[in-house]
Number of protein chains: 2
Amino acid sequence: MARRSDHTREELWWLAINASRKVVEKEGLRGIRARQIARDIGYTIGTLYNLFDDLDDLIMQMNGETLDQLMQECSKVELTQNPNMDLERLVHCYLSFTHENPKLWNAIFEHKLPEDRPVPEWYSEKVSRLLALIEHALAPILSGRSDAEIHQHARILWMSLFGMTVLEGSGRLQEGETSLMLAKTLIKTYVDGLKNAP
Amino acid sequence: MARRSDHTREELWWLAINASRKVVEKEGLRGIRARQIARDIGYTIGTLYNLFDDLDDLIMQMNGETLDQLMQECSKVELTQNPNMDLERLVHCYLSFTHENPKLWNAIFEHKLPEDRPVPEWYSEKVSRLLALIEHALAPILSGRSDAEIHQHARILWMSLFGMTVLEGSGRLQEGETSLMLAKTLIKTYVDGLKNAP
DNA sequence: CTTGATATTGATCGCTGATCAATTTATTTA
DNA sequence: TAAATAAATTGATCAGCGATCAATATCAAG
């Protein structure tokens with residue numbers, strides 16, 4: 001039966017997203033099932049499809065939520081204008097998050113939209129905002145360079161960190177190796193390279 | 001009807017793997033369908049399940065084949081004992097492969113076995129052999145430092161390259177960005193950092 | 001109280017991965 | 001050569017999936 005007054009549309013959205021997150025945290029992306037999530041939030045499958053276009057949409061929104069949470073954490077980091085320190089703090093924050101939410105983080109790169117479906121703009125923007133944090137921290141040592149160059153270095157660092165988290169997530173780090181240690185060495189060496197570049 | 005003499009078991013295996021590769025090359029992992037692959041090789045679904053435990057098994061074997069091909073390519077690289085040149089050649093070979101086979105490469109990281117199912121040993125070995133090859137070529141550039149240090153820097157570079165290929169494979173690079181360009185900047189900057197480290 | 005807009009339902013569709021008894025073929029044995 | 005054994009192949013079958021949509025129930029406005 002229709003129960004429009006039980007929850008607002010927004011409340012319903014959050015119920016569904018949180019139910020999805022719980023499933024993924026426990027079983028990974030594989031565990032996502034429309035009927036199960038509908039059941040979890042006390043509605044039927046039809047209502048779920050009234051909220052989301054399809055499962056791809058739901059997963060994208062859930063992943064967007066994960067990006068938002070990471071952004072919120074990283075925003076707390078106090079910047080000192082010392083690139084080495086600022087980056088290290090950001091990286092620590094980033095890696096803490098991925099370490100504490102491995103399955104949710106994995107979902108972000110495990111999930112692939114169908115070929116013909118472009119990544120929504122609102123999603124790309126969330127990613128861009130995270131990148132901007134790194135760019136901002138890098139800026140002081142790259143003051144004489146073009147925006148494009150700053151942007152590229154930020155993206156390189158981002159992708160490198162990303163590689164570490166993926167390999168950590170799939171258990172391919174060695175004994176005694178942590179992504180935090182590796183990332184610290186990466187940042188230190190890379191920033192040295194930027195400072196002393198010809 | 002049974003046609004045991006049409007193809008040997010091994011021939012059948014290759015037919016199925018190649019059919020799967022073709023599907024993935026065109027449509028990505030999403031496109032893999034048991035019935036379709038069976039049809040493609042001129043047999044029925046039952047025969048496919050006589051060859052593979054399930055679709056996870058088939059995909060793992062297909063991915064193993066991709067790893068083998070990359071290994072074969074990288075093995076062709078002539079080593080000159082000039083670390084800089086060897087490194088560049090190997091990285092070029094690695095990135096060329098992932099660039100030319102983005103969907104197949106991506107399938108390796110998109111696919112996740114169910115939680116309770118361990119990665120087969122034969123698969124882990126393929127990955128390890130590949131990692132060892134790349135580490136070995138990266139290591140000489142860091143001579144003069146402790147083995148542990150060399151090892152760590154080599155792995156950091158490898159993981160960073162890895163992150164770029166994954167993001168490239170999933171279509172997350174920007175317009176005009178290539179993993180080769182990014183990798184060159186990464187390596188140049190990183191090596192600068194190593195040379196000029198305090 | 002009536003009307004219109006919206007939320008919700010659940011039966012339904014076409015598909016999927018996977019199973020397995022029955023059938024057909026090849027090989028081995030007598 | 002003929003019968004017995006082993007192996008490969010089939011396809012009907014099952015439970016479950018994502019997705020759709022006409023019917024229904026509820027709420028808000030007139």
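Proteins come first, then strands; the chains are lettered A, B, ... in the order of their sequence lines, and each starts at number 1.
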Identify whether the distance between the nearest side-chain nitrogen and carboxylate oxygen of B/Lys103 and A/Glu115 falls below 4.0 Å. yes
Describe the nucleic acid contact of A/Asp54 in one word from base, sugar-phosphate, nothing, applying a heavy-atom distance below 4.0 Å. sugar-phosphate
Toward the 5' end of DNA chain C, by each residue's nearest nucleotide, A/Arg9 or B/Asp56: A/Arg9
When rounded to whole Å, the CG to P distance for the pair B/Leu48 and C/dT16 reads 13 Å
Expressed as a whole number of angstroms, how long is the span from A/Asp6:CG to D/dC27:C1'? 12 Å
Looking only at the side chain of B/Tyr49 (C-beta and beyond, no hydrogens), which of the listed nucleotides D/dA8, C/dT9, C/dT19 gets closest? C/dT19
Kindly point out which of C/dG17, D/dG18, C/dA7 is positioned nearest to the side chain of B/Ala34? C/dG17
Against the side chain of B/Ile45, the closest entry in D/dA8, D/dG11, D/dA19 is D/dG11
Are the charged groups of B/Lys76 and B/Glu73 less than 4.0 angstrom apart, N to O? yes
Output the rounded distance in Å from CD1 (B/Ile41) to C1' (D/dT10). 13 Å
Atom OH of A/Tyr43 and atom P of D/dA19 are separated, to the nearest Å, by 21 Å
B/Phe109-B/Trp105 aromatic ring centre distance below 6.0 Å: yes
How close or far is atom C1' of C/dA18 from atom CD1 of B/Ile32, stated in whole angstroms? 16 Å
Of the listed C/dT8, D/dC17, C/dG17, the closest approach to the A/Arg35 side chain comes from D/dC17
Under 4.0 Å between any heavy atoms, over every strand shown, what does A/Leu51 touch: base, sugar-phosphate, or nothing? Just pick one. nothing
Base, sugar-phosphate alone, or nothing: which one does B/Arg33 contact when heavy atoms must sit under 4.0 Å apart? sugar-phosphate
Distance, rounded to the nearest Å, where A/Asn50 contributes CG and D/dA19 contributes C1': 14 Å
Nearest whole Å is fine: how far is C/dG17 P from B/Arg39 CZ? 11 Å
Measure up the A/His153 and A/Tyr190 rings against each other and bin them: parallel (under 30°), tilted (30 to 60°), perpendicular (over 60°). perpendicular
With sequence neighbours excluded, give me every side-chain hydrogen bond (donor to acceptor under 3.5 Å, both in side chains) pair touching residues 126-136 of chain A. A/Asp68-A/Lys126, A/Glu135-A/His151
Indicate, with a heavy-atom threshold strictly under 4.0 Å, whether A/Ile37 touches base, sugar-phosphate, or nothing. nothing
Using atom CD of A/Gln36 as one end and atom C1' of D/dA19 as the other, report the distance to the nearest whole Å. 18 Å
